[in-house]
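Here is the structure we will look at, set down as structure tokens.
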Amino acid sequence: MVENKAQADIALIGLAVMGQNLILNMADHGFSVAAYNRTVSRLDEFLSSAAKGTSVIGARSLPELVAVLKKPRRIMFMVKAGTAVDELIQELVPLLEAGDILIDGGNSLFTDTQRRCAELGAKGLLYIGSGVSGGEEGARRGPALMPGGDARAWPYIKDIFQAIAAKASDGEPCCDWVGQGGAGHYVKMAHNGIEYGDMQIICEAYHLMRDGLGMSSEEMQQTFSRWNSGPLDSYLIGITADILAVKDADGSPLVERVLDAAGQKGTGKWTGISSLDLGVPLTLISEAVYARYLSAQKEERLRAAEVLKGPESRSEAGREGLVTDLEQALLAAKIVSYAQGFMLLREAAREYKWELDYSAIASIWRAGCIIRSVFLNKIKEAYLSNPDLLNLFMDSFFRETLEKCQPAWRRVIVAAVQRGIPVPALSSALSFYDGYRCARLPANLLQAQRDYFGAHTYERVDRPRGEFFHSDWSNKGA
Ligand code: NBP
């Protein structure tokens, strides 16, 4: 029973794992939260378990929920992305009034958020699409939050969002306004793409150590732990060390019993699609998505493994040196991945007319989220000292690190290729680096081929850009 009207600071709809934990986090920070879930039994369960003894207010219908909110109403939802969000909005809109604020904290596709923002804006409602990262634990103890949408709503949610967000080592909240329309969800999508890349390069290092160098899980566990106190210090390296330490009932490493067929929820794919739409060479993240697809073709791979031959994969020659090299290869590939990720953000900002603050984005990602790492402090500093930085490679710290790491990085790729161990992300990152620093790529030949078969024309190196030529290539260039 709701006795006092208009007492809640914010409503949260969707009591699955993320919603419940965000509510408890908000309540911990002194906010009065009203909770609602489509399936009411879930609300009852929540109120009698995790939320028992807290100030959380349960609402059993949307009108009841709306009635307990202070104005302007702030309503956040953590429901399944896609049609569920549209259905919920449709039900809510007739209950709201101009100036009320709707916040979608799910992993919605940014174009959906752009559309919802415009449609609801026309009705006088303020719409926010916010990236929420850090999974269940982040939601409970402090996530990284990436809100974007109608900027007029920001002053009304800023206090709550910055209070519940993770805090970086300097105390800054990992939450800041990202930009208009779908900018918040776009930045979250890019975050997830980078997460795909980080995970893939770690998996490639593990593959090379396990199958190429014959290392035991204990040895790999120690290696990842050691790396986690150096420049690779990050959540994902840390959990990899934890995973390698876990034993199955018979004492053997549990990770080796896990089926090697990766799942995905689509945000990496969206990042790849967006890079193709915007013409950004996001090679590492795209390779990471494809690597998951290849892994999922388990039955086909099993058949192929019986007939397709390669070199002997295991060779322990130079093992110690290669493990040292791997750390540098991972660092270099990580720089490429983030450089590409920020290239994508820059192009998206241009295309969708967002004013993205790259330093602030790196700052948000420093804690609470899955890609948190010490490395992000350096990206934050790079964009802070030069907001117009053309590419992370051009920042002196990253340029010098790449210079230092590249001999080791090349040795790792050679070792993997010689052993027939796939390293699509580590190697495509190196190819990108070599391509990016190449003043003359072979695209001259490509343009000639296009002109040969399709009269697509070409520009000349000895004439100004914008002048186009066509030659009769089949007739010896006449
Ligand atoms: P789910 O993505 O599993 O969604 C379940 C929730 O959506 C339930 O509360 C369900 O209500 C509700 N829902 C559905 Br399904 N259809 C609905 C509709 N038409 N109207 C109202 N509610 C509806 O929950 P989650 O894993 O907590 O994730 C929530 C959001 O946060 C998702 O967008 C997810 O991608 C994103 N996210 C998740 C994580 C994570 O680690 N899980 C991390 C970051 C972001 P019901 O109980 O009545 O079925």
Side-chain angles (χ1 to χ4, degrees), residues 11-26 33-47 49-51 56 58-66 75-95 102-113 116 128-148 161 164-166 174-175 182 184-196 199 235-236 239 263-271 364-365 367-372:
L12 204 142
I13 299 176
L15 299 181
V17 60
M18 293 299 286
Q20 290 197 14
N21 282 299
L22 276 178
I23 290 174
L24 296 173
N25 185 353
M26 287 173 183
V33 194
Y36 170 82
N37 195 66
R38 180 183 59 173
T39 307
V40 177
S41 58
R42 214 164 189 171
L43 170 70
D44 294 331
E45 225 175 275
F46 177 56
L47 293 176
S49 56
V56 176
R60 285 172 176 73
S61 70
L62 288 177
E64 197 180 317
L65 183 80
V66 168
I75 303 178
M76 181 167 187
F77 24 94
M78 293 302 294
V79 301
K80 203 174 167 65
T83 51
V85 175
D86 286 312
E87 284 168 18
L88 188 58
I89 290 173
Q90 244 182 4
E91 279 184 73
L92 273 169
V93 166
L95 308 172
L102 290 173
I103 309 153
D104 173 14
N107 273 337
S108 291
L109 182 58
F110 79 99
T111 46
D112 284 342
T113 306
R116 290 167 187 148
I128 301 240
S130 179
V132 176
S133 178
E136 181 179 350
E137 185 62 19
R140 182 67 188 90
R141 307 274 163 224
L145 296 169
M146 294 147 253
F161 267 44
I164 66 164
C174 292
C175 169
H185 273 142
Y186 193 92
V187 167
K188 171 63 176 16
M189 178 195 78
H191 161 284
N192 284 25
I194 289 171
E195 176 185 313
Y196 272 57
M199 291 168 79
Y235 172 73
L236 284 169
I239 67 163
Q264 52 191 311
K265 284 198 166 167
T267 42
K269 182 179 88 175
W270 291 347
T271 316
I364 292 172
W365 291 345
C369 65
I370 305 295
I371 64 170
R372 60 186 182 258

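Just so it is clear, the structure is predicted and the values come from calculations on it, not from any experiment. Atoms within a ligand are numbered from 1 in the order they appear, just like the ligands themselves.
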Taking atom 26 (O) of ligand 1 as the reference point, the nearest protein heavy atom with its distance: Val17 CG1, 3.6 Å
Roughly how far, to the nearest 0.5 Å, is CD1 of Ile164 from CZ of Arg140? 11.0 Å
for atom 30 (C) of ligand 1, nearest protein heavy atom and its distance come out as Val79 O, 3.5 Å
For atom 3 (O) of ligand 1, which protein heavy atom lies nearest, and how many Å away is it? Ala16 CB, 4.4 Å
Closest to atom 35 (O) of ligand 1 among Val132, Leu15, Asn107 (heavy-atom distance): Asn107
Ligand 1 versus Thr83: contacting region, heavy-atom distance under 4.0 Å: neither
For atom 48 (O) of ligand 1, what's the nearest protein heavy-atom neighbour? Residue, atom name and distance, please. Thr39 OG1, 2.5 Å
Atom 49 (O) of ligand 1: closest protein heavy atom, distance to 0.1 Å, is Arg38 NH2, 2.9 Å
Gap separating the CG atom of Leu12 from the CG atom of Leu22, nearest 0.5 angstrom: 6.0 Å
Which pair of heavy atoms, one from Ile103 and one from Ser130, lies closest together, and at what distance? CG2-CB, 4.3 Å
Between CZ of Arg372 and CD of Glu195, what distance do you get to the nearest 0.5 Å? 11.0 Å
How far is atom 8 (C) of ligand 1 from the closest protein heavy atom, and which atom is that? Arg42 NH1, 3.8 Å
Under the side chain to side chain contact (heavy atoms under 4.5 Å, CB included) rule, what do Thr271 and Ile194 come out as? Steps first, then yes or no, please. CA-CA 9 Å; Thr271 316; Ile194 289 171; over 6 Å; no
Can you see which heavy atom on Tyr36 is nearest to which on Leu65, and at what distance? CB-CD1, 3.8 Å
Considering only protein heavy atoms, which is closest to atom 31 (O) of ligand 1, and at what distance to one decimal place? Met78 CE, 3.4 Å
What are the atoms of ligand 1, with element, lying closer than 4.0 Å to any heavy atom of Gly135? 41 (O)
Numbered in order shown, the ligand 1 atoms found under 4.0 Å of a heavy atom of Gly14 are 9 (O)
Ala81: heavy atom below 4.0 Å from ligand 1, yes or no? yes
Under the 3.5 angstrom rule, does the side chain of Asn37 hit a backbone N or O of Leu15 as a donor-acceptor pair? yes
Could you tell me whether a side-chain N or O of His185 sits under 3.5 Å from a main-chain N or O of Gly106, the two making a donor and an acceptor? yes
Measure Lys80 to ligand 1 on non-hydrogen atoms and call it side chain, backbone, both or neither using the 4.0 Å cut-off. both
Quick one: look up the protein heavy atom nearest atom 27 (O) of ligand 1 and list residue, atom name and how far away it is. Met18 N, 3.0 Å
Taking all non-hydrogen atoms of both residues, which atom of Thr267 and which atom of Met189 are closest, and how far apart? O-CG, 3.7 Å
If we only count N/O pairs under 3.5 Å, is Asn37 in contact with ligand 1? yes
Nearest heavy-atom approach of Leu236 to Ile370 is CG-O, 3.6 Å
